[in-house]
Amino acid sequence: MHASAVFLIEFGAVILGLGLLGRLAGRLQFSPIPLYLLAGLAFGEGGLLPLGASEEFVATGAEIGVILLLLMLGLEYTASDLVSNLKTQYPAGLVDAVLNALPGAVMALLLGWGPVAAVVLAGVTWISSSGVIAKVLGDLGWLGNRETPVILSILVLEDLAMAVYLPIVTALLAGAGLAAGSVTLAIALGVAGLVLFLAVRYGRHISRFVSSDDPEKLLLVVLGLTLLVAGIAQQLQVSAAVGAFLVGIALSGEVAEGTHHLLSPLRDLFAAVFFVFFGLHTDPASIPPVLLPAMTLALLTAGTKIATGYWAARRAGISARGRWRAGGTLVARGEFSIVIAGLAVTAGIEPSLGPLATAYVLILVVLGPLTARWTEPVARRVTARLAARREPAGAAAVDSGGDGVAEEPREVVDDPDAVGRRS
């Protein structure tokens, strides 16, 4: 059979399968991300029917998917919103780094992998998946929730921190000296700072340049600009996702609304391809040997991410329901974790690090949409049961001649989605 025909058959079957899985997830009122990942496992290395002809195209589509996810996320907020959130939420970023990077570093040291591997695994466990979380927020209709800016602030801080972390890791893995590592870091910081400055200072001019009444021209200009900035950022060792996000926040007003409308179908298509690609490059046979430490690390850092989101949302004055939602949404790990682990595997630092990181991310990328959906309802039910158990005990103490001090009334939690109400 001709190579182009094989490519069309394979890729067409993938897209059709994704559509059917998405329809099934919609009927079940469930995020389709775990189903996409399982489909990737089934048709990847060591799976039921490995793909061959379309693998390179799927890889490119996956990269575009991450870029579009972050672009659309950036369109939801203006540059002033970003600066304001960064100023108010930087303590949450520090708490996030300590709580979630430390378990990975400790695990690597306990396994005897050495300090360089510890730095690498710390990054794997630290960074949440902006792509997965952006998709989950959209699927659940939470982009307008009051806790969403807190979630986005933490994600942005993590993405910007990657501009510092990735050059350091690259230098450590290459055994580069202090001078070479410092130059790489300075370039990365300079590029990230320049793009952020242009987005904040000249966002209106950029929007005016991009604006067009013709949807076709608007689509081409915005998509081309985003891919160009993302590519330049990645070439200069700054995350392509950061570049795409900053392009999104630089666009405002009618341009942002029109872009969102035009690019939403493309985002959904390429985002689905990204999650399939993630599963395609995981050999199921490599997971069992490292499953126990990966599960231990996944459960531990799921708890630390929930604690991070809860603390950050509480600090921002969000109600208890919003705090639990913020924590549960941050659990997923994904694209950055795989990139970090891939650098270590290429450098040959520790053979077991790659499979462990893959198993860890697969667990949390499947668990993440579940914790986002169910952390708040479960926490609410547990709290209600504990309160119900305390009430009879307090009533019994009063009836038996207790000190007569009545239990203080519990706080009534307002709807966190209603802007303007107390939270």
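Please read all numbers here as calculations on a predicted model, not as lab measurements. All residue numbers refer to positions in the sequence shown, counting from 1.
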4.5 Å side-chain heavy-atom contact, [X] and [Y]:
X      : Y      : result
Ile15  : Leu269 : yes
Asp96  : Glu158 : yes
Pro91  : Trp311 : yes
Leu68  : Leu223 : yes
Leu367 : Leu364 : yes
Leu225 : Val222 : no
Ser212 : Val221 : no
Ile340 : Leu121 : no

Provide the closest heavy-atom pair for [X] versus [Y] in the form atom of the first, atom of the second, distance.
X      : Y      : value
Ala344 : Leu353 : CB-CD2, 4.2 Å
Tyr36  : Leu18  : CD2-CD2, 3.4 Å
Thr371 : Gly328 : OG1-O, 2.8 Å
Ala316 : Val150 : CB-CG2, 3.7 Å

Open item on the list: For Trp113 and Leu356: C-alpha separation, side-chain torsions, deciding distance, then whether side chain to side chain contact (heavy atoms under 4.5 Å, CB included) applies.
Closed with: CA-CA 12 Å; Trp113 290 353; Leu356 186 144; 3.9 Å; yes
For the pair [X] (side chain) and [Y] (backbone), establish whether a donor and an acceptor sit closer than 3.5 Å, ignoring hydrogens and angles.
X      : Y      : answer
Arg323 : Ile318 : yes
Thr304 : Thr301 : yes
Ser129 : Val132 : yes
Thr358 : Gly354 : yes
Ser128 : Val331 : no
Lys217 : Val210 : no

What's the spacing between [X] [atom1] and [Y] [atom2] if we round to 0.5 Å?
X      : Y      : atom1 : atom2 : value
Leu75  : Arg267 : CG    : CZ    : 9.5 Å
Leu263 : Leu218 : CG    : CG    : 8.0 Å
Leu251 : Thr226 : CG    : OG1   : 7.0 Å

Open item on the list: Could you tell me if Ser153 and Tyr90 have a donor-acceptor pair between their side chains, going purely by distance under 3.5 Å?
Closed with: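 No, no side-chain donor-acceptor pair sits under 3.5 Å.
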Open item on the list: Side chains of Thr125 and Asn100 only: does a donor on one sit below 3.5 Å from an acceptor on the other?
Closed with: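 Not at all, the side chains of Thr125 and Asn100 share no donor-acceptor pair under 3.5 Å.
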Task: Over-ring placement of Arg325 relative to Trp142, 6.0 Å and 45° cut-offs - done: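 Flagged: Arg325 positioned over aromatic ring of Trp142.
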Open item on the list: Apply side chain to side chain contact (heavy atoms under 4.5 Å, CB included) to residues Leu102 and Trp126 and explain how you reach the verdict.
Closed with: CA-CA 8 Å; Leu102 191 59; Trp126 171 19; over 6 Å; no
- [ ] Report the C-alpha separation of Leu300 and Thr296 in whole Å, then their side-chain angles, then the decisive distance to 0.1 Å, and conclude whether the side chain to side chain contact (heavy atoms under 4.5 Å, CB included) test is met.
- [x] CA-CA 6 Å; Leu300 176 62; Thr296 302; 5.6 Å; no
Open item on the list: side chain to side chain contact (heavy atoms under 4.5 Å, CB included), that's the test. Do Ile363 and Met295 meet it? Break it down for me.
Closed with: CA-CA 7 Å; Ile363 292 170; Met295 289 184 64; 3.6 Å; yes
Open item on the list: Using 30° and 60° as the class boundaries, would you call the ring planes of Trp324 and Tyr310 parallel, tilted or perpendicular?
Closed with: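 Aromatic pair Trp324/Tyr310 classed tilted.
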TODO: Using a strict cut-off of less than 4.0 Å between a Lys/Arg side-chain nitrogen and an Asp/Glu carboxylate oxygen, indicate whether Glu147 and Arg315 qualify as a salt bridge.
DONE: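 No.
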